[in-house]
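Worth knowing before you read on, the calculation uses all heavy atoms, side chains too, and leaves out hydrogens, waters and symmetry mates. Both counts, for ligands and for their atoms, begin at 1 and track the order of listing.
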Amino acid sequence: MPSSIRHFASLAELSEAAAEMVLAAGQAAVAARGRFALVLAGGATPATLYRLLAAPPFAARMPWDKTLFFWGDERCVPPEHPDSNFRIARETLLAASPIPANNILRIHGELADPREAASQYETTIRARLGNAPFDLVLLGMGTDGHVASLFPGSPLLGESLRLVGVMMEPQGVPPLPRVTLTLAGLNQSRAMLVLISGEEKRRMLQKIMAQGPASPSPAARLDPREQLVWLTTE
Ligand code: 6PG
């Protein structure tokens with residue numbers, strides 16, 4: 001599948017370009033299929049993009065009522081918790097936008113059993129999309145090449161049937177569970193946009209590109225059906 005890298009001088013410029021790409025993907029998906037299945041990224045980098053999409057001039061072009069909002073991963077915390085990916089998206093993108101509540105398909109990180117949260121989320125994805133792919137997956141990337149909550153060396157990287165799994169965050173003390181799309185889930189997508197800010201992550205991307213299929217980084221195994229775009233900044 002075609003893959004390209006675009007480099008920007010600042011996060012603001014990267015986010016403007018990403019907003020244009022999200023809108024183009026959204027409009028194309030609605031024209032072709034009547035809805036836009038969008039997977040939101042966690043982490044801090046996409047917050048600038050989310051704020052842009054929710055404000056003029058971009059907000060008027062976003063097909064809010066036809067967009068289904070999914071998440072790539074979630075920490076096992078309540079939705080109002082500072083670490084919640086849903087909370088960041090709610091505050092920056094969703095709260096001020098005209099979105100039917102039924103279109104917000106979050107991961108229930110507050111459930112006592114993360115496996116139950118993963119299984120519910122998988123059921124939700126299959127109920128809303130059937131076997132159709134996500135139209136666009138947004139991702140960030142860690143300096144170790146992790147994407148969503150798929151970290152290097154995780155046994156979950158071998159999962160080929162389930163779309164959603166549970167992962168223990170390796171840096172957490174004690175390790176904290178996270179619910180995440182698997183590679184099978186992420187790659188069941190038409191297009192992917194990976195937002196990478198900072199020199200260290202940019203170097204990691206260069207390493208991934210140089211190593212090719214030999215790379216141990218989960219990011220090296222991203223393989224959407226139509227298009228993979230990496231956006232980088234200083
Ligand atoms: C999360 C993520 C994770 C994130 C990267 C990059 O929930 O934290 O989904 O994969 O995208 O760690 O995070 P930053 O954008 O904050 O650097």
Any nitrogen or oxygen of Ser149, main chain or side chain, under 3.5 Å from a nitrogen or oxygen of ligand 1? no
Can you check whether Leu181 reaches Val39 side chain to side chain, under 4.5 Å on heavy atoms? yes
Taking the side chain as C-beta and beyond, is there a heavy-atom pair between Leu157 and Leu150 under 4.5 Å? yes
Within the 4.0 Å heavy-atom shell around Ala44, which atoms of ligand 1 are there? 14 (P), 15 (O), 16 (O)
Would you mind listing which atoms of ligand 1 come within a distance below 4.0 Å of any non-hydrogen atom of Lys201? 14 (P), 15 (O), 17 (O)
What are the two closest non-hydrogen atoms of Asn102 and Arg128, and how far apart are they? O-NH1, 2.8 Å
Per-atom filter on ligand 1: closer than 4.0 angstrom to a heavy atom of Arg178 are 1 (C), 7 (O), 8 (O)
I'd like to check which ligand 1 atoms, numbered from 1 as shown, lie under 4.0 Å from a non-hydrogen atom of Asn85. 1 (C), 7 (O)
Which of Arg106, Glu74, Arg75, Arg90 passes side-chain contact (heavy atoms from CB on, under 4.5 Å) with Ser84? It is Glu74
Could you list which atoms of ligand 1 come closer than 4.0 Å to a heavy atom of Met141? 5 (C), 6 (C)
For Ala148, is at least one N or O under 3.5 Å away from an N or O on ligand 1? yes
Per-atom contacts of ligand 1 with Arg75, taking only distances under 4.0 Å to non-hydrogen atoms: 1 (C), 7 (O), 8 (O)
